[in-house]
Amino acid sequence: MPACRVCHSPVEPFIDFGRMPLANAFPTPDQFAGEYFFELIAGYCPGCTLVQLVNQPQRERMFNDRYPFFSSSSVRMASHFRQLAREVAESYLPARDAFVVEIGSNDGTLLLPFAEAGIRHLGVEPSTSVAQAAEDRSVRTVSRFFDASLAKQIVAEQGQAHAVIAANALSHIDNLHSVVAGIKLLLAPGGVCVIEDPYWGDVVEQTAFDQIYDEHASYFTLSSVSYLFAQHDLAIVDVVPQAVHGGSLRYLIGHAGRRPVAEGVTQLLAKEQTIGLHRPETFAAFRDRVSATGAALMALLETLKRQRQRVVGYGATSKSTTTINHFGITPGLVEFISDTTPAKQGTFSPGAHIPVRSHEEFAAAYPDRALLFLWNHAAEVLAKEQAFARAGGRWIVYVPRVEEL
Ligand code: SAH
Ligand code: TMP
Ligand code: ZN
């Protein structure tokens with residue numbers, strides 16, 4: 001059995017999605033033959049409770065000059081990050097010469113408000129496609145993978161940071177010890193580190209199985225994050241649930257002993273125990289519900305095909321790669337996938353090769369059904385697609401269960 005990336009105990013696999021391409025690798029036909037596949041298996045570490053991928057593809061395969069996910073593609077996420085930036089600026093930054101570092105800063109969406117306010121900041125973003133977009137918006141960015149040695153360099157050249165932020169980034173990183181050691185070095189004595197990632201508790205509760213894909217190396221709970229940071233003499237001082245991405249947790253972290261620990265931390269640690277989040281039965285039941293979702297979704301798509309109903313996918317999301325390839329959704333069942341990202345349009349979905357087309361094509365001739373791969377942005381999408389519903393179109397969702405809306 002593979003060793004845990006945090007505590008090196010043997011990891012116990014609990015779900016196998018089979019042969020899987022990279023979620024964001026959207027190929028063009030000339031790239032079909034060279035597509036990279038790996039076995040997508042998630043496992044649980046009984047040593048430190050971390051849920052993680054058993055075979056982790058190399059980071060350079062995923063995060064490079066072709067990385068096509070831009071944080072600014074969701075209006076709701078942009079306003080979520082603007083709010084977070086405001087909270088950090090108001091509560092944690094000194095009045096003079098504040099310094100903020102973001103790990104996984106992507107196209108600069110979260111750092112932009114700091115830049116606009118003239119606050120000293122630095123984004124660390126290895127994918128040059130998105131790092132360039134940040135630079136274009138005057139968000140200072142270094143295009144490197146964050147780790148302890150880069151942290152040392154930043155401290156030497158620019159000093160320690162009063163806030164270190166990583167949203168949906170730590171879950172994407174395999175060398176967690178080097179990254180957390182880097183945070184320890186980088187964080188000023190009274191500084192705060194804010195981590196936000198999808199919460200494994202919500203993935204289980206919602207049967208949000210498609211959160212599991214190559215880039216998501218780890219699936220955090222408060223127990224596993226506490227263990228990891230404690231190894232580096234850092235303490236979780238508060239946890240705040242967030243509705244984004246189908247359920248996330250925000251962890252506020254400080255140097256051990258520097259800040260009081262909120263009651264919510266002890267309460268959630270206890271709750272994770274009580275509900276048995278890490279019990280074998282919980283993992284087995286999750287696996288059974290994923291199979292049931294697959295059976296129901298495929299039956300529905302087959303029925304619609306027999307009835308000659310047009311089904312179009314909505315959102316060429318990373319998550320959709322797991323759904324499509326694990327259940328065996330084909331271009332015969334889903335005509336194309338609509339997506340607003342120019343870099344994805346004209347490409348094909350990884351593995352199954354369903355065409356990805358612009359949102360304009362979706363709006364020009366509404367299908368009978370839209371399969372909502374963007375279920376985590378349902379509120380944003382349903383609000384702006386009322387014309388589709390008025391035209392008689394219906395949504396298919398599959399998280400938490402298969403339903404037609
Ligand atoms: N924070 C943004 C982007 C999340 S996607 C948001 O929440 O929308 C994850 C990002 O982490 C990608 O842009 C990826 O290139 C970046 N990343 C991956 N490994 C990293 C590392 N070791 N250091 C810094 N960023 C990393
Ligand atoms: P993700 O699930 O990997 O974060 O990708 C989300 C994708 O969804 C991204 O390519 C942009 C696209 N998108 C739309 O097509 N329409 C929308 O309304 C939103 C919010 C995103
Ligand atoms: Zn472990």
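Whatever order the structure lists them in is the order used to number ligands and atoms, beginning at 1.
Shown here are the protein N/O/S atoms lying under 2.8 Å from the Zn ion (ligand 3), water excluded: Cys4 SG, Cys7 SG, Cys45 SG, Cys48 SG.
Between Tyr92 and His162, the ring centre distance reaches or exceeds 6.0 Å. The aromatic ring centroids of Trp200 and Phe14 lie less than 6.0 Å from each other. Taking the six-membered ring for Trp, His121 and Phe114 have ring centres at least 6.0 Å apart. Separation of the Phe327 and Phe209 ring centroids falls under the 6.0 Å cut-off.
Nearest protein heavy-atom contact of atom 19 (C) of ligand 2 is Leu374 CD1, 3.5 Å.
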With ring pair (Phe, Tyr, Trp, His ring centres under 6.0 Å) as the test, would you mind laying out the steps for Phe348 and Phe26 before giving the verdict? CA-CA 5 Å; Phe348 291 78; Phe26 297 91; over 10 Å; no
Check the pair Tyr314 / Phe362 against ring pair (Phe, Tyr, Trp, His ring centres under 6.0 Å), numbers first and verdict last. CA-CA 9 Å; Tyr314 196 101; Phe362 171 77; 5.3 Å; yes
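In this structure, Lys384 counts as a contact residue of ligand 2, since one of its heavy atoms falls inside 4.0 Å of the ligand.
At a 3.5 angstrom cut-off on N or O pairs, Asp339 counts as close to ligand 2. Residue Lys344 has at least one N or O atom closer than 3.5 Å to an N or O atom of ligand 2. Geometrically, ligand 2 and Thr317 share no nitrogen or oxygen pair separated by less than 3.5 Å. When only interatomic distances are considered, the shortest N/O to N/O separation between Lys319 and ligand 2 falls below 3.5 Å.
With a 4.0 Å cut-off on non-hydrogen atoms, Thr341 touches ligand 2 through its side chain and not its backbone. Of all the heavy atoms of Phe69, the ones lying under 4.0 Å from any atom of ligand 2 belong exclusively to the side chain. Contacts between Val75 and ligand 2, counted as non-hydrogen atom pairs separated by less than 4.0 Å, are absent for every part of the residue.
Every residue two or more places apart in sequence or in another chain that forms a side chain to side chain contact (heavy atoms under 4.5 Å, CB included) with Ala387 is listed here: Tyr366, Arg390. Applying the side chain to side chain contact (heavy atoms under 4.5 Å, CB included) test to Asp233 and every residue at least two apart in sequence or in another chain returns Lys184, Ala256.
Close approach to Thr340 involves these atoms of ligand 2, each under 4.0 Å from a residue heavy atom: 11 (C), 12 (C), 13 (N), 14 (C), 15 (O), 16 (N). Each of the following atoms of ligand 2 lies closer than 4.0 Å to a heavy atom of Ser318: 1 (P), 2 (O), 3 (O).
Here the closest non-hydrogen pair linking Ile253 and Val237 is N-CG2, 4.2 Å. Heavy-atom minimum distance, Ala316 versus Asp339: N-OD2, 2.8 Å. Minimum heavy-atom separation, Thr282 to Val204: CG2-CG1, 3.9 Å. Between Leu150 and Phe145, the closest heavy-atom pair is CD2-O, 3.8 Å.
At least one test fails for Arg19 against the ring of Phe38: distance under 6.0 Å to the centre or angle within 45° of the axis.
Put simply, the side chain of Ser224 gets close to the backbone of Thr221: a donor and an acceptor are under 3.5 Å apart.
For the pairing with Glu215, the side-chain hydrogen bond (donor to acceptor under 3.5 Å, both in side chains) check across Asn24, Thr321, Asn168 returns one residue only, Asn24.
For ligand 1, the protein residues within 4.0 angstrom (heavy atoms only) are Phe63, Tyr67, Phe69, Ser71, Phe81, Glu102, Ile103, Gly104, Asn106, Val124, Glu125, Pro126, Ser127, Phe145, Phe146, Ala167, Asn168, His172, Ile173.
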